[in-house]
Amino acid sequence: MPETEARRAAPDGTAALPPRYNPSALELRRYAVWRERGYFHPEPGPGPEPYTIVIPPPNVTGVLHMGHALNNTLQDVLIRRERMRGRRALYLPGTDHAGIATQNVVERQLADEGKTRQDLGRESFLQRVWAWREKYGDEIYDQLMRLGMSCDWDRARFTMDEGLSRAVREVFVRLFDDGLIYRGQYIINWCPRCGTALSDEEAEKHEQTGRLYRVRYPLEDGSGFVEVATTRPETMLGDTGIAVHPDDDRYRDLVGRAAILPLVGRRLPIVADAYVDPEYGTGAVKVTPAHDPNDFWIGERHGLERVNVLDPDATMSEAAGAFAGLDRYAARDAVLEALEAEGALVGVEEITHAVGRCYRCDTVVEPYLSDQWFVRMEPLAGPALEALRSGRLSITPARWEKVYAHWLENVRDWCISRQIWWGHRIPVWTCASGHAFAAREDPDHCLECGSEELEQDPDVLDTWFSSWLWPFSTLGWPEETEDLATFYPTNTLVTASEILFFWVARMVMAGYYCMGECPFDDVIINGTVRDAQGRRMSKSLGNGIDPREVIDEHGADALRFTLVASAPTGTDIHLAPEDFKQGRNFANKLWNAARFALMNLPAGFRPEAPAITDLEEPDRWILHRLDETTRRVEGALAAFRMNEAVQAVYEFLWHDYCDWYIEWSKPRLDGPAGDRVRSVLLIALERSLRLLHPFMPFVTEELWQQLPDALREADSIMVAPWPDPGGWSFPQEAEAMALLQDVIGAARALRARYDVPPGRRAPMTVAAETAADRATLERYAGDIARLSSASETRIVADAPRGDGIAGEVVRSGVEVAVRLADLVDVERERERLGSEIENLEGLLGAARGKLADERFVARAPAAVVEREREKAADLERSLERLGELRASLEGH
RNA sequence: GGGUGGUUAGCUCAGUUGGUUAGAGCGCCGGUCUCACAUACCGGAGGUCGCAGGUUCGAAUCCUGCACCGCCCACCA
C-alpha cells in the first residue's frame, strides 16, 4: 500500500506511518524541497556570522568512493549544525580537473578508436576533453546530492572555470614577477613509450629481480682503482663523478682526487656525500646526475656536470658517443660487453629491487632530466609555519601538526610544470629574441622588444597549482567580490592525511600570499576507509563498497550514520558491507519510535511543555537524560569528535527513549497523566531529531514534518534551532529510575534463569531497606510486574527468610526474590550463588587490601578512600545475604 | 633508514586529564512474532587490556625497552 494511502486510512485522522522506514523515494523528494527553498544558499553581505567549508574537490573523472562519503559527511555534519545555530553556512562544492588522470581517460577512449592525442593535435584534443567533462562531469554532483550534502550548488566551481583560470594566471604572474618562479632542471619519471612525464604516483614501483654489476674505474693518477656498482650499466656513459661517505675510512684519501670513466675517458671527481651508504655495494657510488634523482641532488651539491645520454624514446643520445642510437637495453648489453673486454667488469650478482613502471603501458620508466618550472617555496613557507605556531591554525588530531611543520621546515621547491595538454597552460611567452615573460592576458607582442613572434610554453601547470587557491578562487578572487569579503577566511577544512602537503600546506601558503590571511581555522584529518581486512579500497582489488549501492539498499542516512559512528577522528576504519545495517536498523528504530509517539494522538492534540511540578519520575528522568545527551553532543562536536556525538544520540534514542521511556509511557497513556506523557514523548523526540539531523538529515526531516505544528519552530528541521539543554536537571529522579531499571533487570534475570514460561505467574518480592527506595518501587510496582511478566509484586522492607527462596541481590540493601516453589533448579541455583559469592569475595578482598594499606589511606584523596570503605561495606552485606540464600537451598 | 599510529571480547573497535565490578556493534548460546519496531525485544556466555620492567596508595590509561602489524616520507647505487 502506498504511503499516502496508509495515512489516509488512519482512523483518527492523524498520519499513520508504515511500520518500516523506506528511504529511497523520500530522500530525493526531501532533497529537492530543501534545494528549491534555497536553504543551501547563504547570501553575502551584512548578516549573521558566516561559516564556510570548501569541499576538497574530487577528481572530475572519478566516482565518489567511501573515502569521499566519509569526508563529505563530516563536512555536512558541521555545516548543518552551524546552519541550525543560525550562522550563514556555506558548503562550497566543486570538482578538480585532475590533469593527468582526466587526460588519461580521454586518451584511453582515443586508443579504443586507434588514435593518439598527437593524431588529433592539441586543440581538438582539448575540445574532446571538454566534451567528455560536459558529459560526465556532473556525475559527482549527483552523488553528493544523493548523500544529502547541503552544498550551495549555485556556487559550484570547477578548477578550469574561467574565474579559477584567471586566479591561476594572476597568482602565476605575481609569483613570476616576485621572482618566486624560475626554470630549472629536474629529474622526472619519463615513459618512453607514451612520450610523457609521469607523476611519482603514476610510476608504480614493482619488485623484480635484476642484476647488480660491479665495475672498476681506474684512478686518474694511476695509483689503483675504485669499484662501483650499478643496475643500469648503460647510464655509466653519463657518469660525471664518484661519491663516497665522508666518514668512510676506506676512501678517505680518495676524496678530492679523480677517476677515469672507462669506455669514455671522462674525468670523474671523487666527492664526499653523506647520502652514500657505506654498507651497501662497494660503498662508492657512480654519480649520474642526468639519470637518477639521488645522483641529481649529489651532483647539485657538488657542482657536477649533467650529461644526458638518452633521447626521449629511450635510445642513446649523441652524448653516448659510440653507443648513440642504440635502444637502452641493447646499449646495456653493448656496454657490458665493452667493459668485460676492458677487464673493468669485476662482478655480477642477482638482486631484487623496485623498478618504476608506467601504470598505463607497463613500460619501465626512465628517470629523465628535463627543464621544468619551479616555485621557490621557502619564502612562502614562513607564514604557513607561523600560522601553526601562533595558534591561528590548528590541526586535529594534533599529531599531524608535527608532520605539517616538519614538511614546511624542510620544504623543497615545487616543480609545477607537466608535459601534458589538459590543464592550465603555463602563461609564459618567449619572443624571437628570447625575451621570456608571464602575462595575465594572452599577449600579441613581446613586452620588452615588441616582437610579434611569440611562443607560449607548451607545458601545463600541476593540478595542485589551481587547487592551492581553492578557498578563495572559488569565492571570486582576484575580484574583490562580496562573497570573498563575507566567506573568506573559511572555517573548517576536512581532508585526508595523504594530501596534507600537496594541498593543505600549500593552501595555507597561498592564503597568506594572495589574501594575507590564513584560509581556515581548523583542519580536520579524517581516516582512510578500508575493507574488512584492512586493505585500502581500490578498483584494482575490487574490494570497494560503492556508496551508491549502500544508498540504494539502506538509504543515505544509514550510510552516513555507519560511516560517522565508526570513525573516531583521524583513525582508519574497516568496513564490511553488512556494517551499514547498523545505520539502517537505527533509522528504522527511530522511525518506529516516532510512529509510537504519533500513534493514537487525539485529533488536534496540542503538546504543551508541562509544568515541571506536574511531571512524574520517568518524565523527569527522560528529560534529564536528554539534557545530558545534548551536552555530550555539544562537547563532542566542539572537539570535532563526530563519532562520539552521533553515538550519544544513538544511545539516548535507542536505550533510554525506546527501551525504557516508551515502555514506561505505555501504562500511563490511558490514565490521568496521558496527555502529559504524550507531550513528553513528543518533546523529547522533537529535540532528539534536531540533535540527530546533521548526521541523518532525511529521516529526521521526514519525521519532524509529521510532528504536530505547535512543536515545529521552522518550516524545515534544517533551519530549526540547534538544541540547547532545556534546564532539566533531576539527579534524584535519575537515581530512582536507575534503581527501578536494576530491579526490573533482576526480575527478568530471575525468570530467564529458571525458564519461567512467558505466560506463567511468578510472584516477585522486592525487598528494599530504605523507605525512599520502597516508595519509588511502590509507585512503579505495576511496571515491574508488567516488564517482568510477573503477575504480582510485593514491596517489603526485609528480605524474605527461610527455605525455598531464590534471590537476586540488585545492590546492597535491595533484592528481588521469588519463591522457589517448583520453579527452581536447585543445583543450578547453588552453582550460580557459589560463583557469585566467589566473585564478590574477590572484590571484597581487593577492597580490604587497599583499606588495610596505610599508604593508600594516607595518600589517596579522602573521597576515594571513602568510596572504597562504602564499597567494602556493601560487599560484606551482599555476601552475607548470598550466604543466607545458599543456606536456604540446603535440604531442597 | 627517518617519522608516525596501533596491539582491549570470536570479529571490527570505543575507553578525553590515572580512581566503583573495562564498554558498544556484529557474531555466538537460550527464550519471545508481548497491541512502535523480528531491521525487534529479553536473558546469557566470552577479556591475565601484546610482552617485560618502572613510576604511583592505585595503571588499559604515564615512562622505558622488546615483539608483531600498519601508514607517511626517503629509498638504495
Side-chain angles (χ1 to χ4, degrees), chain A residues 17 19-21 205 212 228-232 235 243 275-277 279-288 292-295 351 353-354 397 399-400 402-403 406-407 410 497-498 500-501 527-528 530 532 534 536 554 558 562 565-568 570-576 578-579 581-582 584-599 635-636 639 641 643-644 647 650-651 658-659 662-663 666 745 748-753 755-759 786-789 839-840 842-843 846-847 850 853-861 863-865 867-868 870-871 874-875:
Chain A
L17 305 175
R20 280 205 184 175
Y21 173 54
K205 295 286 186 178
L212 184 66
V228 298
T230 181
T231 52
R232 292 183 298 152
T235 64
Y275 165 76
V276 177
D277 177 3
E279 306 294 319
Y280 191 86
T282 62
V285 181
K286 64 188 257 316
V287 184
T288 323
D292 182 285
N294 298 302
D295 293 9
I351 56 159
H353 60 154
R399 64 186 130 89
W400 290 105
K402 273 182 282 184
V403 181
H406 183 258
W407 186 80
N410 300 283
S497 59
E498 294 99 88
L500 188 61
F501 309 141
T528 306
R530 299 171 178 280
R536 188 177 281 270
H554 303 308
T562 294
S566 36
T571 45
D572 291 355
I573 55 175
H574 295 194
L575 283 180
E578 56 269 26
D579 292 336
K581 285 185 182 163
Q582 194 193 353
R584 177 201 61 175
N585 292 354
F586 180 45
N588 190 59
K589 185 74 177 175
L590 177 59
W591 181 264
N592 276 288
R595 205 167 155 246
F596 177 82
L598 293 168
M599 180 169 268
R641 288 200 284 263
N643 65 315
E644 287 180 27
Q647 280 162 8
Y650 173 91
E651 282 166 25
C658 292
D659 287 353
I662 285 184
E663 295 307 323
K666 285 176 181 172
R748 284 171 176 161
L750 272 178
R751 293 186 62 95
R753 193 181 313 135
D755 299 329
V756 180
R786 218 183 64 77
L787 294 176
S788 62
S789 298
N839 180 23
L840 293 193
L843 293 172
K850 271 192 189 175
D853 184 346
E854 57 193 26
R855 290 176 307 174
F856 170 73
V857 178
R859 295 190 203 183
V864 172
V865 176
R867 210 157 50 224
E868 205 62 28
E870 281 169 18
K871 184 172 100 182
D874 286 351
L875 285 168

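The sequence lines fix the lettering, A, B, ..., with proteins before strands; numbering per chain opens at 1.
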- Measuring from A:R20:CZ to A:R584:CZ, what's the distance to the nearest 0.5 Å?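 The CZ atom of A:R20 sits 7.5 Å away from the CZ atom of A:R584.
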
- Roughly how far apart are A:T288 OG1 and A:N294 CG, rounded to 0.5 Å?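 Answer rounded to 0.5 Å: 11.0 Å.
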
- Message: Can you classify the ring geometry of A:W591 versus A:Y21 as parallel (below 30°), tilted (30 to 60°) or perpendicular (above 60°)?
- Response: tilted

Could you tell me whether the phosphate oxygens of [N], OP1 or OP2, come under 4.0 Å of any side-chain nitrogen or oxygen in [X]?
X: A:H574; N: B:rC13; value: yes
X: A:K850; N: B:rU20; value: no
X: A:K589; N: B:rC41; value: yes

[N] to [M] separation - [atom1] atoms, rounded to the nearest Å:
N: B:rA45; M: B:rG31; atom1: C1'; value: 15 Å
N: B:rG30; M: B:rG23; atom1: C1'; value: 23 Å
N: B:rG25; M: B:rA14; atom1: C1'; value: 10 Å
N: B:rC33; M: B:rA38; atom1: C1'; value: 7 Å
N: B:rU16; M: B:rC63; atom1: P; value: 14 Å
N: B:rU61; M: B:rC26; atom1: P; value: 29 Å
N: B:rU7; M: B:rC76; atom1: P; value: 33 Å
N: B:rG15; M: B:rG53; atom1: P; value: 28 Å

Using a cut-off of 4.0 Å on non-hydrogen atoms, how would the nucleic acid contact of [X] be classed: base, sugar-phosphate, or nothing?
X: A:N294; result: sugar-phosphate
X: A:I662; result: base
X: A:R20; result: base
X: A:D659; result: sugar-phosphate
X: A:P293; result: nothing

Check whether the side chain of [X] and the base of [N] form a donor-acceptor pair under 3.5 Å.
X: A:R867; N: B:rU20; result: no
X: A:R641; N: B:rU16; result: yes
X: A:Q582; N: B:rA24; result: no

- Message: A side-chain contact here means heavy atoms from C-beta on lying under 4.5 Å apart; do A:F586 and A:T562 qualify?
- Response: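 No. Closest side-chain heavy atoms not under 4.5 Å.
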
- Query: Who does B:rG58 pair with, Watson-Crick or G-U, both distances under 3.5 Å?
  - Reply: none

In whole Å, what is the span from the [atom1] atom of [X] to the [atom2] atom of [N]?
X: A:W400; N: B:rC73; atom1: CH2; atom2: C1'; answer: 11 Å
X: A:D579; N: B:rC11; atom1: CG; atom2: C1'; answer: 10 Å
X: A:Q647; N: B:rU12; atom1: CD; atom2: P; answer: 18 Å
X: A:E868; N: B:rG58; atom1: CD; atom2: P; answer: 13 Å
X: A:L17; N: B:rU39; atom1: CG; atom2: C1'; answer: 16 Å

- Message: Regarding A:E663 and A:K666, does a basic nitrogen lie under 4.0 Å from an acidic carboxylate oxygen?
- Response: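 A salt bridge links A:E663 with A:K666.
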
- Closest to the 5' end of RNA chain B, once A:A749 and A:T230 are matched to their nearest nucleotides, is A:A749

- Query: Starting at the 5' end of RNA chain B, which residue's closest nucleotide do you reach first, A:Y21 or A:G283?
  - Reply: A:Y21

- Message: Looking at A:N592 and A:P19, would you say the former's side chain and the latter's main chain have a donor-acceptor pair under 3.5 Å?
- Response: yes

- Where the side chain of A:N592 is concerned, which of B:rA36, B:rA40, B:rA77 is the nearest nucleotide? B:rA36

